[in-house]
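Here the structure is laid out as structure tokens; the discussion comes afterwards.
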Protein chains: 2
Amino acid sequence: MYRTHTCGELRIENAGNEVTLAGWVQRVRDLGAMTFVDLRDRYGITQLVVDENTDKAVADALEELGREFVIQAKGTVRERQSKNKNIPTGEVEIALSEINVLSPAELPPFTIQDDTDGGDDLRMKYRYLDLRRDVVRENLVLRSKMAHAVRNYLNSKDFIETETPVLIKSTPEGARDFIVPSRMNEGQFYALPQSPQTFKQLLMIAGFDRYYQIVKCFRDEDLRADRQPEFTQIDCEMSFVEQKDVLEMFEGLTRHMFKETLNVEVDEFPWMPYAEAMEKYGSDKPDTRFEMLINDITETVKGKDFVVFDSAEYIGAICAKGCAEYTRKQLDGLTNWVKRPQIGAKGLVYVKCNEDGTFKSSVDKFYSQDDLKAWAEKTGAEAGDLILVMSGDKKHMLDALGELRLEMGKQLGLRDKNVFKPLWVVDFPLLEWDEESKRFYAMHHPFTSPKPEDIELMDTDPGKVRANAYDLVINGVEIGGGSVRIFDSELQSKMFSLLGFTKEEAEAQFGFLMKAFKFGAPPHAGIAFGFDRLVSLFAGLDTIRDVIAFPKNNAGRDVMIDSPSAVAEAQLDELNLKLNLKEKK
Amino acid sequence: MYRTHTCGELRIENAGNEVTLAGWVQRVRDLGAMTFVDLRDRYGITQLVVDENTDKAVADALEELGREFVIQAKGTVRERQSKNKNIPTGEVEIALSEINVLSPAELPPFTIQDDTDGGDDLRMKYRYLDLRRDVVRENLVLRSKMAHAVRNYLNSKDFIETETPVLIKSTPEGARDFIVPSRMNEGQFYALPQSPQTFKQLLMIAGFDRYYQIVKCFRDEDLRADRQPEFTQIDCEMSFVEQKDVLEMFEGLTRHMFKETLNVEVDEFPWMPYAEAMEKYGSDKPDTRFEMLINDITETVKGKDFVVFDSAEYIGAICAKGCAEYTRKQLDGLTNWVKRPQIGAKGLVYVKCNEDGTFKSSVDKFYSQDDLKAWAEKTGAEAGDLILVMSGDKKHMLDALGELRLEMGKQLGLRDKNVFKPLWVVDFPLLEWDEESKRFYAMHHPFTSPKPEDIELMDTDPGKVRANAYDLVINGVEIGGGSVRIFDSELQSKMFSLLGFTKEEAEAQFGFLMKAFKFGAPPHAGIAFGFDRLVSLFAGLDTIRDVIAFPKNNAGRDVMIDSPSAVAEAQLDELNLKLNLKEKK
């Protein structure tokens, strides 16, 4: 061992001990006769000190040190004169007798401290230096702890952690697969899994009863802000259960994680039907840290010759508590905000509920004080509140009001990162109609079971069929999703045919699963949590990138190792492939 | 929940309880008035019973059941008349009041029992049925338990479990990479990791101090008996440690696994230098469950005009205890065994040490009784023993004697699967010379540190340089391997140049690592365990395939899902690729 203690370990009780530490030089302060070094490792920072008058050789050696040098330091622990109450080692220092440079360091391209001066690109390129910063490393430590909490909980509930294959088979449904050419099987390809969905169902058919895995999954999608081509799921499946059993089990898991890693007790998780979430929050992932629900005021506001409202399919409103004093400028700001292409609303109507009981609105021309009072009653607005109204196509407006609600919640400081409000969104539609391709898509995935009472609608009105599907939503983030599965090959065939698969296509892609259903399949259900998002939520971060040790950028590149990269032609030749680059237009 | 209890849970104390079970029909026995069903799930088997005279409807329903039907069964627990002492539920049975078929089953293609009638191919194709067999599932349960034991131990030692990327960069060194075409980066490819080696070193440079991961790795090699294209490693790395520290830590881990999962206490792990392992066991992975060491008798046997020996570089012998009575046929069998191409020896000389103190050998023509007595002394043979001798090229003969030793150990029952003998093999050579390509290869990998005392040999006699590298060997199986790493960019450059890399190649492949070394790298060392092999050893199996839920066959195919498979031309086109199939010769 190069050390007897870590840099976070020594306390006043160790005074007098001869110790050896090793770590990185955080900074050197030369105060005339005395020179101080802050020595850092993962566990903390310890102050080293040498008096030039008593130990010139060591003092001289310190002169040579630069930031981020790796050194070994020997000396005696003693009480510090000016204590540092901010760190656990702040009462002691090491009076140095010897130092050895283990590894010198060039000046790092950015400072290794919580508030670094490095920009994103530079920190990605030198990710190993960025990871030295406490604030970054702590996210990864939290991740490790959360994974362990998951495993402890699920193991205690008789789940078997089972690895499923990474080299699997490409399927055209869903997002794009990454594919892997096979050398031994000429002209054929493996695919990397988007999820171990079919394998976990096969494990249920195999009688494993309870399965989980913390597992890498892959999607070759165009990367938006918070996507990574490889991401991690907590993937789970249970047999002989109904929806209620699954939700109870994984509510338990989630509470366990909160308790074990953040020491947070969360309330019981409410269940909210998808339809309610859409109507009241304008989103299937409602942020329930604050109210400000969407109110349908269509019937209340129509018929007063305001043509914008009278011609609209839907008029909805939210009530922003205590915002009656919003200025013209603030209101114009909100109007512009909803008119941005991302929201795409035509405009925003407001009603201020004045403290004196009167109302001031942007549509005073069309509506009387009594009319506006009715609006206030409908939206629960009281004196001092601000009502914000949008009108148009219902689906679009719910979405827009949902976004506006989140924005107002942010402006009012109602989205506290230290408050956690989980809920289950349930009763999702089974299918989604796509206008462009004129076909249904599975809202969750093709193995999701319809609600038994809705099965007959599959023939008559497939769009109306609700699924036994559920999402775990926390603070407006979709953390996990799952469903009760189909376990009957005929129902599964029907589902594939609704999704536009021919019999042959279904057979070629999922024949093995349909076959497996014929040998005695138990009722089963499961869930997958997006582990990156979950960690990022727990860490109070806005992006998953910060909870991944070596993330890729928005072009799917790892700029640190410079990957992907070209490969030798011989390597392609062995795989029976040729590049076929298009000419740039 | 479809059940109140599992099929492994009910005991005599539950007599009188109304219960609901769910599971698979193991068998139905219709004994006239009484019908019995063995209902099976992962947790056990419970007997269901119905009396046709009292409950005709249920009895009729049982008539319809076949093997592997999934049913739900309701009834009352009662004491069984003829108890089954072999199973924990053997004192009770369920007097049925109702059954529901949840899922009928076609007749499975092989029997779902420990001694199945299904051949390998059939069981691979219907792997989900094979996994229903207790003997197969138990291996996977053991695997899950071992993984958890690993994590508990390493977490308790401050290791951070950190996920490293799966989409990385192809490197020409070592085994062939699987590559993954990138759609977003035209004409470029990711590679799947053969190990997270460089990433774990970067994590040490990042100050993570202690890292581990149970992680999938990939090698596109021609598959021999016990290889899989994807396999799992327990991958670990530590900073500020020397070889001794690493071996102590991971000896602790290994003992913990033995204790936690098999309740086995193993002896302290001896350290054996590579050179000694080769000389005494003819292998760098010695099976130390038994002695029968190889003896160099070259000097003892030369000079007696037996031209075969006199012309040989090396003559070695093993002593098989108590085998003096081996028959002519047995000895011929051994001779043929060593002459097989896999061993490639020219022949086998034997000396029987008779009980009366005389010797009988196959070379009596050349050697006197006194001569043979000297052989016996040299090899430690006593009355009743058999000495087996081979001669030729030293390297080849050590290998052949090592194989013969294992064969004799097997014949004598000395390789008990319930006995575990771990050891560390240390002091491996740094480099291996390859005659064909006339260059050195890294014996371990290019990041392995030479022993400090051997560094100057790197310039003068590179083949002689020993590495700070070590393998964990248990019962003749290499379970893990690792090394103290180079953490100095100059020494690393020198290593690359010994391996025949040009400066440009080294820079292109590992520039990011060499660069990282320049920003303050701590001394570090690590190890990777082959998790599949470790589980297979613990389970007493001969192949890793049985400890993998969904293994691939020797052609790298998953015959259950029929993968790899062709992909659509459009998909290749998006990836800027074209098939380039060779004509079959």
Side-chain angles (χ1 to χ4, degrees), chain A residues 1-3 22 24 42 68 70 103 105-106 108 128 131-132 141 144 148 155 160-162 165-167 169-170 178 180 182-185 187-190 202 205-207 209 216 220 230 240 245 512 516 518-522 549-550 555-556 560-561 563-565 567 576-581, chain B residues 1-3 22 24 42 68 70 103 105-106 108 128 131-132 141 144 148 155 160-162 165-167 169-170 178 180 182-185 187-190 202 205-207 209 216 220 230 240 245 512 516 518-522 549-550 555-556 560-561 563-565 567 576-581:
Chain A
M1 278 282 194
Y2 283 79
R3 65 189 175 203
W24 284 261
R42 173 185 140 201
E68 301 303 315
V70 179
S103 200
E106 289 180 10
Y128 46 88
L131 289 171
R132 281 189 194 164
V141 172
S144 175
H148 201 58
N155 289 3
I160 307 175
E161 184 169 26
T162 309
V166 176
L167 296 171
K169 186 174 176 166
S170 189
F178 282 105
V180 182
S182 165
R183 187 177 50 87
M184 293 175 74
N185 299 273
Q188 299 192 325
F189 297 79
Y190 303 100
L202 290 170
I205 295 169
D209 206 69
K216 276 279 174 76
D220 184 13
E230 51 181 298
F240 300 117
D245 309 308
F512 61 96
K518 292 186 175 157
F519 290 106
F550 299 102
M560 181 186 69
I561 64 171
S563 157
S565 59
V567 299
N576 305 291
L577 288 176
K578 246 190 184 153
L579 280 187
N580 178 33
L581 295 172
Chain B
M1 280 282 194
Y2 283 79
R3 65 190 175 202
W24 285 260
R42 173 185 141 201
E68 302 304 315
V70 179
S103 199
E106 288 181 10
Y128 47 87
L131 288 171
R132 280 187 193 167
V141 172
S144 175
H148 201 56
N155 288 4
I160 308 176
E161 184 169 26
T162 309
V166 176
L167 296 172
K169 185 173 175 166
S170 190
F178 282 105
V180 182
S182 164
R183 185 176 51 86
M184 293 175 72
N185 298 274
Q188 298 192 323
F189 297 79
Y190 303 100
L202 290 171
I205 294 168
D209 206 71
K216 275 280 173 75
D220 184 14
E230 52 181 298
F240 300 115
D245 309 308
F512 61 96
K518 293 185 175 158
F519 291 106
F550 299 101
M560 180 184 72
I561 63 171
S563 159
S565 58
V567 298
N576 306 291
L577 288 176
K578 243 189 186 157
L579 279 186
N580 179 30
L581 295 171

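Residue numbers start from 1 in every chain, and the chains themselves are labelled A, B, ... in the order their sequence lines are given, proteins ahead of strands.
Ring-plane geometry between B:His148 and A:His148 is classed as parallel, the angle between the planes falling under 30 degrees on a 0 to 90 degree scale with a further cut at 60. Note: A:Phe519 and B:Tyr128 have tilted aromatic rings, judged against thresholds of 30 and 60 degrees for the angle between ring planes.
Checking side-chain atoms of B:Trp24 against main-chain N and O of A:Gly520 turns up a donor-acceptor pair under 3.5 Å. For the pair A:Arg132 (side chain) and B:Ile205 (backbone), a donor-acceptor distance under 3.5 Å is present.
In this structure, the side chains of B:Tyr2 and A:Asp245 stay at 4.5 Å or more apart for every pair of heavy atoms.
Looking at A:Ser182, the atoms closer than 4.5 Å to chain B (heavy atoms on both sides) all sit in the side chain, from C-beta outward. If you measure heavy-atom distances from A:Lys216 to chain B, the contacts under 4.5 Å come from the side chain alone. At a 4.5 Å heavy-atom cutoff, the contact between A:Asp220 and chain B is made by backbone and side-chain atoms alike.
Contact count versus chain A (heavy atoms, under 4.5 Å) is highest, among B:Asn155, B:Leu131, B:Val166, B:Val180, for B:Val166. Of the listed residues (A:Met1, A:Arg183, A:Arg3), the greatest number of heavy-atom pairs within a distance under 4.5 Å of chain B belongs to A:Arg183. Ranking B:Val567, B:Leu167, B:Val70 against chain A, the residue ahead of the rest is B:Leu167, based on heavy-atom pairs under 4.5 Å. Annotation: maximal heavy-atom pairing with chain A below 4.5 Å, among B:Gly187, B:Ser144, B:Pro522, occurs at B:Ser144. Among B:Glu161, B:Lys578, B:Met184, the residue with the largest count of heavy-atom pairs under 4.5 Å with chain A is B:Lys578. For the set B:Met560, B:Glu106, B:Glu68, the entry with the most heavy-atom pairs within less than 4.5 Å of chain A is B:Glu106. When each of B:Pro108, B:Ala105, B:Ala549 is checked for heavy-atom pairs under 4.5 Å with chain A, B:Ala105 comes out on top.
The shortest non-hydrogen separation linking B:Lys169 to A:Ile561 is NZ-O, 2.9 Å. B:Asn185 and A:Ala555 get closest at one heavy-atom pair: ND2-O, 3.1 Å.
A distance of 12.0 Å separates CZ in B:Phe189 from OG in A:Ser563, rounded to the nearest 0.5 Å. In this structure, CG in B:Asp209 is found 6.0 Å from CZ in A:Arg42, a value given to the nearest 0.5 Å.
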